[in-house]
**Student:** 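My questions all concern the structure below.
Please read all numbers here as calculations on a predicted model, not as lab measurements. In what follows, every heavy atom counts, from backbone to side chain, and hydrogens, waters and symmetry copies are set aside.
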Amino acid sequence: MTQDEMKQQVAKAALDYVVTDTIIGVGTGSTANFFIDALATIKHKIKGAVASSEATAQRLKGHGIEVFDLNMVDQMSVYIDGADETNKHMHLIKGGGGALTREKIVAAVADKFVCIIDETKKVGVLGTFPLPVEVIPMARSYVAREIVKLGGEPVLREGFKTDNGNVILDIHSMDIMEPVKLENQLNSIVGVVTNGLFAARPANVLLIGTQNGVNVEE
Ligand code: 5RP
C-alpha cells in the first residue's frame, strides 16, 4: 500500500466519528482532502462544516457542503485533521501546509479532535519534522533570534504567506522533549501568532493508517 492509500483508508475510517446533524471542523492537507472527498458521500447527514483554510473551504464548497464562519458557530462536535508528526501522548506537530493557526483555533472550539495520519507520522520524539511558527512579517528577524536562543534553527518558508497574511519560520534541529513547555515558550515571543505544536490541546483520538488496516488510539 502506498502512503496515499494509507491516508485514504484512514480518511474513510474517520467517517465513523462524524456526528449526525452537527457542524464539524475540517482540517487542511492531503489527508484532510481525502477526508473531504469521503465526507461528500454522507454530506446529507451533517449541517455543514467549518474550514481550517481557504483551500479546505473551496474543496468543501466544491462538494456542495455548506461552510460556516466560525463566529456563527457556538458548538462543534468534532474536528478532523491530519498531522505531520505525533508522539504517544497524541502531542502533534502540524502546519506543514501552513494552516496551523486556523487549525489550532478550530481544534480549540471542537468537543473532540480526531487526528488522521498514516503510520509514517508516528515518532518517539517530536522534531524531525521542522516545527512551523506563524509570525507577523515585521517581527520575523526578532522572532528568529529568539528561536535561536531556545536552541532551534529557524528557516523562513520562502515565497509563502499564510491565509492570515503572515510568514512561517520552520524550526529545524530541535528534539522536542517537553512539547507543552515549548509550545508556551514559543507563543510568548512577541510577534508569534502561534506555533505548530498541538500539545496543550492534543488530539483525543488518533486514527493511524497502516499496511494492515487502521489502528485506533484513544
Ligand atoms: C496543514 C497540516 C496538515 O495536517 C499536515 O501538514 C499533514 O498534511 P498531509 O495530510 O498532507 O500529510 O497541518 O497545515
Side-chain angles (χ1 to χ4, degrees), residues 14 17 25-29 31-32 50 52-53 70 76-136 139-140 142-155 157 162 164 166-208 215-218:
Y17 292 82
V26 181
T28 299
T31 318
V50 171
S52 64
S53 64
L70 183 60
M76 194 187 300
S77 56
V78 65
Y79 176 56
I80 298 175
D81 194 4
D84 299 298
E85 275 186 358
T86 180
N87 65 15
K88 65 178 180 189
H89 304 294
M90 298 193 219
H91 298 149
L92 314 170
I93 287 184
K94 290 186 47 54
L100 59 156
T101 300
R102 294 190 187 194
E103 291 172 340
K104 202 176 271 198
I105 294 167
V106 183
V109 176
D111 296 337
K112 185 184 272 192
F113 178 3
V114 176
C115 184
I116 49 177
I117 56 167
D118 66 83
E119 61 188 359
T120 65
K121 309 279 185 76
K122 190 91 190 278
V123 298
V125 176
L126 298 174
T128 302
F129 190 93
L131 172 62
V133 182
E134 179 164 352
V135 177
I136 303 287
R140 188 190 75 210
Y142 167 70
V143 171
R145 289 194 295 275
E146 294 300 302
I147 288 172
V148 170
K149 286 184 198 164
L150 290 173
E153 282 176 26
V155 177
R157 204 178 288 186
T162 70
N164 313 308
N166 298 314
V167 296
I168 297 273
L169 294 173
D170 290 304
I171 308 181
H172 293 250
S173 305
M174 240 191 173
D175 283 342
I176 303 173
M177 308 307 291
E178 295 178 286
V180 178
K181 185 175 169 193
L182 183 64
E183 182 177 358
N184 289 328
Q185 280 176 319
L186 289 169
N187 283 347
S188 63
I189 301 172
V190 175
V192 167
V193 179
T194 197
N195 69 84
L197 276 169
F198 285 55
R201 197 272 189 255
N204 303 108
V205 179
L206 207 53
L207 302 182
I208 308 171
N215 293 344
V216 182
E217 294 182 15
E218 302 201 28

**Student:** So which atom in A14 and which in L207 form the shortest heavy-atom distance, rounded to 0.1 Å?
**Tutor:**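 Scanning both residues completely, I find the closest heavy atoms to be CA-CD1, 3.7 Å.
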
**Student:** Tell me, do L92 and E103 make a side-chain contact under 4.5 Å, heavy atoms counted?
**Tutor:** no

**Student:** Please collect all ring pair (Phe, Tyr, Trp, His ring centres under 6.0 Å) contacts where either partner lies in residues 84-107, sequence neighbours excluded, each pair once.
**Tutor:** H89-H91

**Student:** The criterion is side chain to side chain donor-acceptor pair (under 3.5 Å); which residues satisfy it with N215, sequence neighbours excluded?
**Tutor:** none

**Student:** Find the distance between CG (N184) and CD (E178) and round it off to the nearest 0.5 Å.
**Tutor:** 11.0 Å

**Student:** Calculate, to the nearest 0.5 Å, the distance between atoms CD and CG belonging to E134 and N166 respectively.
**Tutor:** 4.5 Å

**Student:** Can you name the closest pair of heavy atoms from P202 and A199 and give their distance?
**Tutor:** CD-O, 3.3 Å

**Student:** May I ask you to test the P130-V155 pair for a side-chain heavy-atom distance under 4.5 Å?
**Tutor:**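 The answer is no, as the side chains (C-beta and beyond) never meet within the 4.5 Å cut-off.
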
**Student:** Without placing hydrogens or testing angles, list every side-chain donor-acceptor pair under 3.5 Å for residues 170-177, not counting sequence neighbours.
**Tutor:**
| residue | atom | partner | partner atom | Å |
| --- | --- | --- | --- | --- |
| D170 | OD1 | R157 | NH2 | 2.9 |
| D170 | OD2 | R157 | NE | 3.0 |

**Student:** For residues I189 and Y142, determine if any side-chain heavy atom of one lies less than 4.5 Å from a side-chain heavy atom of the other.
**Tutor:** yes

**Student:** Within the structure provided, determine whether V205 and V216 are in side-chain contact (heavy-atom separation under 4.5 Å).
**Tutor:**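 Side-chain contact under 4.5 Å: yes.
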
**Student:** Taking side chain to side chain contact (heavy atoms under 4.5 Å, CB included) as the criterion, tell me which of L100, I168, I136, N164 meets it with V193.
**Tutor:**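 With V193 as partner, L100, I168, I136, N164 yield a single side chain to side chain contact (heavy atoms under 4.5 Å, CB included), made by I136.
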
**Student:** Would you say the side chain of I105 lies within less than 4.5 Å of the side chain of S52, judging by non-hydrogen atoms?
**Tutor:**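 Of all side-chain heavy-atom pairs linking I105 with S52, none is under 4.5 Å.
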
**Student:** What residues, two or more places apart in sequence or in another chain, satisfy side chain to side chain donor-acceptor pair (under 3.5 Å) together with R145?
**Tutor:** none

**Student:** So, N195 side chain and L186 main chain: donor-acceptor pair closer than 3.5 Å or not?
**Tutor:** no

**Student:** Distance check, rounded to the nearest 0.5 Å: C115 atom SG versus I208 atom CD1?
**Tutor:** 9.0 Å

**Student:** Which distance, rounded to the nearest 0.5 Å, do you find between the CG of L131 and the CD of E153?
**Tutor:**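 If we round to the nearest 0.5 Å, L131:CG and E153:CD are 13.5 Å apart.
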
**Student:** Which heavy atom of A200 sits nearest to which heavy atom of E183, and what is that distance?
**Tutor:**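 For A200 versus E183, the nearest heavy atoms are N-OE1, 2.8 Å.
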
**Student:** Partners of K112 by side chain to side chain donor-acceptor pair (under 3.5 Å), sequence neighbours excluded?
**Tutor:** none

**Student:** Please say which of Y17, F113, F198 ends up in a ring-ring contact (aromatic ring centres under 6.0 Å, His included) with Y79.
**Tutor:** F113

**Student:** Return the minimal non-hydrogen interatomic distance between P132 and I93, and the atom names on each side.
**Tutor:** CD-CG2, 3.9 Å

**Student:** Could you tell me whether the side chain of L182 reaches within less than 4.5 Å of the side chain of L126, counting heavy atoms only?
**Tutor:** no

**Student:** Heavy-atom distance under 4.5 Å between the side chains of V143 and L169, does that happen here?
**Tutor:**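 Side chain of V143 against side chain of L169, heavy atoms only: contact under 4.5 Å found.
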
**Student:** Verify, without hydrogens or angle tests, whether K104 (side chain) and L197 (backbone) share a donor-acceptor contact under 3.5 angstrom.
**Tutor:**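 Yes; at least one donor-acceptor contact below 3.5 Å.
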
**Student:** To check you understand the geometry: which heavy-atom pair defines the closest contact between G124 and N87, and what is its length?
**Tutor:**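 So the minimum-distance heavy-atom pair works out to O-CB, 4.0 Å.
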
**Student:** Nearest 0.5 angstrom please: K94 NZ to T194 OG1, how far?
**Tutor:**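 Those atoms lie 12.0 Å apart.
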
**Student:** With no hydrogens and no angle check, is any side-chain donor or acceptor of R140 less than 3.5 Å from a backbone partner on V167?
**Tutor:** no

**Student:** Does the pair E217/K122 count as a salt bridge with the N-to-O cut at 4.0 Å?
**Tutor:** yes

**Student:** Name all residues meeting the salt bridge (Lys or Arg N to Asp or Glu O under 4.0 Å) criterion together with K149; count only those two or more places apart in sequence or in a different chain, and write none if there are none.
**Tutor:** E146

**Student:** Identify the heavy atoms of T162 and G98 that sit nearest to each other, and give their distance.
**Tutor:**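 The answer is CG2-O, 3.8 Å.
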
**Student:** Is any side-chain heavy atom of V192 closer than 4.5 Å to one of N187?
**Tutor:**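 In short, these two side chains touch, coming nearer than 4.5 Å.
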
**Student:** Quick one: does D81's side chain have a donor or acceptor within less than 3.5 Å of a partner on T28's backbone?
**Tutor:** yes

**Student:** Using 0.5 Å steps for rounding, measure from the CG atom of N204 to the CD atom of E218.
**Tutor:** 9.0 Å

